[in-house]
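The structure appears right after this line, and notes come after that.
Residue numbers start from 1 in every chain, and the chains themselves are labelled A, B, ... in the order their sequence lines are given, proteins ahead of strands.
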Amino acid sequence: MRKSPQPAAWAAIACFVATIFAGPSAAEVKLAFIDPLSGGAASAGINAQKHFTYEIDKINAAGGLNGEKLSIVFYDNKVDPQESLIALKKALDDGARYIFQGNGSAVALAISDAVLKYNERNPGKEVLYFNYAAVDPALTNAKCNFWHFRFDSDADMKMTALVNFIATQPQVKKVYLINQDYSFGKAVASAARRMLADKRPDVEIVGDELHPLQKVQDFSPYVAKIKASGADTVITGNWSNDMYLLFKAGKDAGLKVTWYTYYADALGAPTAIGRDGNGVVKVVTSFHGNALPEPDPDVAAFRKRFTDKLDEFNYYRLNTAFMMLTAAAAKAKSNDPVKIARALEGMKLTTSVGDVEMRADNHQLLQPLYVATFSDNVKFDVEKTGLGFKTDVKVTAKDTAMPTTCQMQRPNG
Amino acid sequence: MSESKTASPVPERRSGALLQWLERRKAWLFAAIVLIILPHVPGLDGNFGRSLLSQMGIAAVFALSYNLLLGQTGLLSFGHAVYFGLGGYAGIHLMRAINAGLPIPMPLVPLAGAATGLAFGMLFGALTTRRAGVVFALISLGVGELVFAAMRILQGFSGGEEGITANRGMGPHPFGLTFGPQLQVYYVIVFWSAMAAALMAAFLRTPAGRMCNAVRDNPERAAFIGYDPVRIRFVVFCVAAMFAGLAGGLHALNYEIVAAEAVGAGRSGTVLLMAYIGGVHSFFGAVLGAVTITWLQVSLSDYTTAWQLYLGLFFIAVVLFAPGGLSGLLLMHRPILGTRAFLHVVKSYAIAALPALAAAAGAIMLLEINYRRATQPDTGARMRLFWMDVDTSSVWPWLSAIALLAGGAFLFNRCRRLVANAWQQASDEARTVGGMQREPRP
Amino acid sequence: MLEIITFSLLNGVVYGLLLFMVSSGLTLIFSLMGVLNFAHASMFMLGAYFSYQIGTWIGFWPALVIAPLLVGAIGAAVERYGLRHVHKQGHVAEILFTFGLAYLVAESVIMIWGRNPIENRVPAVIDFPAFLLFGTSYPAYKVLMMAISVGMFAFLYLAFRRTRLGLIIRAALTHPEMVGALGHDVPRIFVLVFAIGSALAGLAGVIGGFALLTEPSMAAALGPIVFVVVVVGGLGSITGAFIASMLIGIIQTFAVSLDYSLLDLLRVFHVVVSSDSAFHEVAAVKIAQAAPLIPYLLLVVILIFRPRGLLGRRDA
């Protein structure tokens, strides 16, 4: 080992890192978006990014939050918990007080935990974490905290809606559960077991399969198993490729079942499922294109502004989130995160889908849920596929409430 | 480039022991002072700067441990993250125990990682180091996939992809240090990183360490002079696994969360890139690679969504044009450092840099415009490029990008002769003045 | 029961044949050049995208021919202008080069076709049921896939055994210097082999594109398993690669239908593991859950006990 190169190396390091500068600027409310903008999961993040752009422009056009403009910085976390924590630190340095994230429960738990620790260690500089899509029930139960607010319905709430609907469907006799082998998949499977046993004890669960997450290329063996079990219904929390490939293998093997899914309306899914899903794919969701008799003005404005084939108004709940943020700021007469958090607790609003409420005991938004079928007999199609979602049943916000184990620790004062 | 192999320690003298000692270690001392000052440099004194520096320190230890395998012993591993991740899990479980009341100060957590890395290194090393070369590489790939899958399945231990969290602020607070603030953690990481680097450097001076290169270059001959290559490989593997485990323990302390991806193939690939890009033939190359790649991964995505494309191009460029890695590029200049013609070399670089930058700017413009149009067509034709507003629906940005690229490439090609001449001059001078034995290759 | 076994076998064979299609080219490349080509699966992906694009312009059958040829040409260019220069710097440099190339291909695909899966549906000309089995129709494209795969095997086997080129390649496998000394242009053989290997991957991509999903990460998903096939099969052995593919396909498929865990085995011997012990979590893993790991387990076991693979002529 030579010695003298080392100063050169360190000088190089110093040069590298000195290029990174960050400086806070004038009075505005700073938001940070931490989600994938590159890599495999980027499409979801980019779609959400458009929603943020739309919502923030709308609020700023109406005068901002208590007269202060909103500004947002988009940080790419590559759906990686570690990258997310670095992005979070970057956002905190940049002065962000409101953190938005949605993709991936692993990331959500990491951010929630980091925000909790940050607020403990930096009193007076608290930040809030608005989660708009991560649905692991733990976030509003065992691992809840005061700084986290969830605007999507969690996996258990969605399952209640699905099972309540199945309870009204006498033709469902044999159910097969197939899920990804990780916390969310397991949560879906156990919720389905528990709730079916409660609501439809006569239904037989003929299979409960866990397969590795995003590793399976060929789902035909799984489909052969489903087929052999004689199932008439499949419940799956699978998303992205795990859902498309499963569905595709089912179609190839001539599997005749009804699919109850969590993510058949996610970005790109309607395209991947296509015409074969007509009438047999169902989804539980907080919003879809035909949820309202006439499209919401926001949906119309959004679609006018973003015209790509895949640009659907997928995150109606973000609209709700920003309505709540505005209302809370008005109620608190302040843009201070702690005051806004207190104002958000228990807040009730009426949106175009109905009454919504932010629960005070666990910071979970209660909003209407829809069970809908992918069908060609609809007014508005999705992703220009010629098919769209058609409501089977709408569950009102209060009917989605679940008991919680959350023991909320509130800050003093 | 083979500087590290042939470098010999400074001859020992007994007079003025302390001064001598300081003299010989001035690079280390200088590095230590820089590391202590860095987190107070403007721009790096925020949470982000400090955590970036912390991550670089962790990556440096990890890459150095990998360099023991690849650079020193010629063992290509696709599964080095196994020991990093398992060390990280040991660290995070120890932190939880401390949170629950175990009276151990937090800065000792990385030792648990090192012990775990060593234990698993011994276990898997016994199976995998019997062979070198491609067989070793492929076994490490298989072991990596298996351990990763096992971590996904054994959620009680690993917390699956959500991971296990702990709180580094809850525990004994020696000297009033809570270890909550990033600065304190940074110094803990710097301490352990420096220790690890010094120990690894020391290891390479032991007989076993010296035999690594022999085993890499000619295992039969190493066997003839009485060293069993399998044994040497095993020892190096265990040492490398131990330091990877230490890095994992530091990771646990820094992020307070360890998830299954810590043992995953992605991390194994990253450390390979760090070690290679930095340059495998010199000790500090791994550090340089770790710092560069960490910075690129964290910051490049702030500027462009096509960062993976640039990363790919960067790897290919290094492999094709700088086989000694970044440190190889730097070390290449050592022989001519003192010569007067060195100024000419620097001047020729400066001249060649202009067309090179122009060509790069042209290429980046083309890539960015294309990428934007392909991935975000709805954002419209207007976009920002290099602090300029550009309308991509008109022909001008395209034309100017192509002109920059073509013109820059043409001129750069011309400048290459300039650089070569300056090099020739400098190396001639170096040979006559310094009596260099080896001819530097530009 | 018979129905399940038949379908499992059929599924296993189909998946195995798909694996063989992708890995046969890599067997050639890896055996001859010793290059751990991480970009091989990228060639598979390019085949899928090219055939989709050509298919929408001039139809499926021409695409089936043109797409692999295009991919082969790209492969030749990669070898001639990239790998050849890296070769002398050793394996790590080659791996990094192909690694970077894999990134580049994926990003280029994103630049052209976007990030989301494209609608690469089974072409209408082969989208019909081929036959009925236990009352279930079997899709024709899978039959075509099997036919192409078996044809590929026969072609490679005969080309290897019966032609002069095959003879030279086989000789270059074991004695490259000697072959060069005899006046054969070894670098040109390398280009040719790389082109053929890439074209075969491209052909696999044409079929694999609609059998699986055509999207930018499809290469990354298939990459490692292809190495497993090559290593388990043995270097320089097309037959070995064929057997390894079928083995992996069938074992993996049958493993999925086995809902048994170590716990069940222990129960047979009246051993009860309490559910709060650490061992319980390990023992409760079902074989079906661990099925996709089996190839890697096979890889490690084979490399430790028989590093030359099933039918290899020399150690990896």
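Distance check: L212(C) CG to L245(A) CG gives 6.5 Å after rounding to the nearest 0.5 Å. In this structure, NZ in K286(C) is found 10.0 Å from CG in D181(A), a value given to the nearest 0.5 Å. A distance of 13.0 Å separates CZ of F219(A) from CG of N11(C), quoted to the nearest 0.5 Å.
Taking 4.5 Å as the heavy-atom cut-off, the residues of residues 249-257 of chain C that approach chain A are T253(C), V256(C), S257(C), ordered by number. Among the residues in residues 235-244 of chain A, those with a non-hydrogen atom closer than 4.5 angstrom to a non-hydrogen atom of chain C are N241(A), Y244(A). Scanning residues 117-124 of chain C against chain A with a 4.5 Å non-hydrogen threshold yields P117(C), E119(C), N120(C), R121(C), sorted by number.
When every heavy atom of Q217(A) is checked against every heavy atom of Y15(C), the shortest pair comes out as CB-OH, 3.9 Å. A288(C) and E209(A) get closest at one heavy-atom pair: CB-OE2, 3.7 Å.
In this structure, chain C has a heavy atom under 4.5 Å from the backbone of I273(A), while its side chain stays farther away. Using a 4.5 Å cut-off between heavy atoms, A211(C) contacts chain A through its backbone alone, with no side-chain atom that close. Heavy atoms of Y138(C) lying under 4.5 Å from chain A are absent altogether. Of the atoms belonging to A249(A), not a single heavy atom falls under 4.5 Å from chain C.
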Under 3.5 Å, side-chain donor or acceptor atoms of residues 37-44 of chain C against the rest of the protein: list the pairs with distances, not counting sequence neighbours.
from	atom 1	to	atom 2	distance (Å)
N37(C)	OD1	A39(C)	N	2.9
N37(C)	OD1	H40(C)	N	3.4
H40(C)	NE2	V22(C)	O	2.8
H40(C)	NE2	L26(C)	N	3.4

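Within 6.0 Å of OH in Y260(C) there are 12 or fewer heavy atoms belonging to other residues, nucleotides or ligands.
You'll find the side chain of F7(C) stays beyond 4.5 Å of the side chain of V223(A), heavy atoms only.
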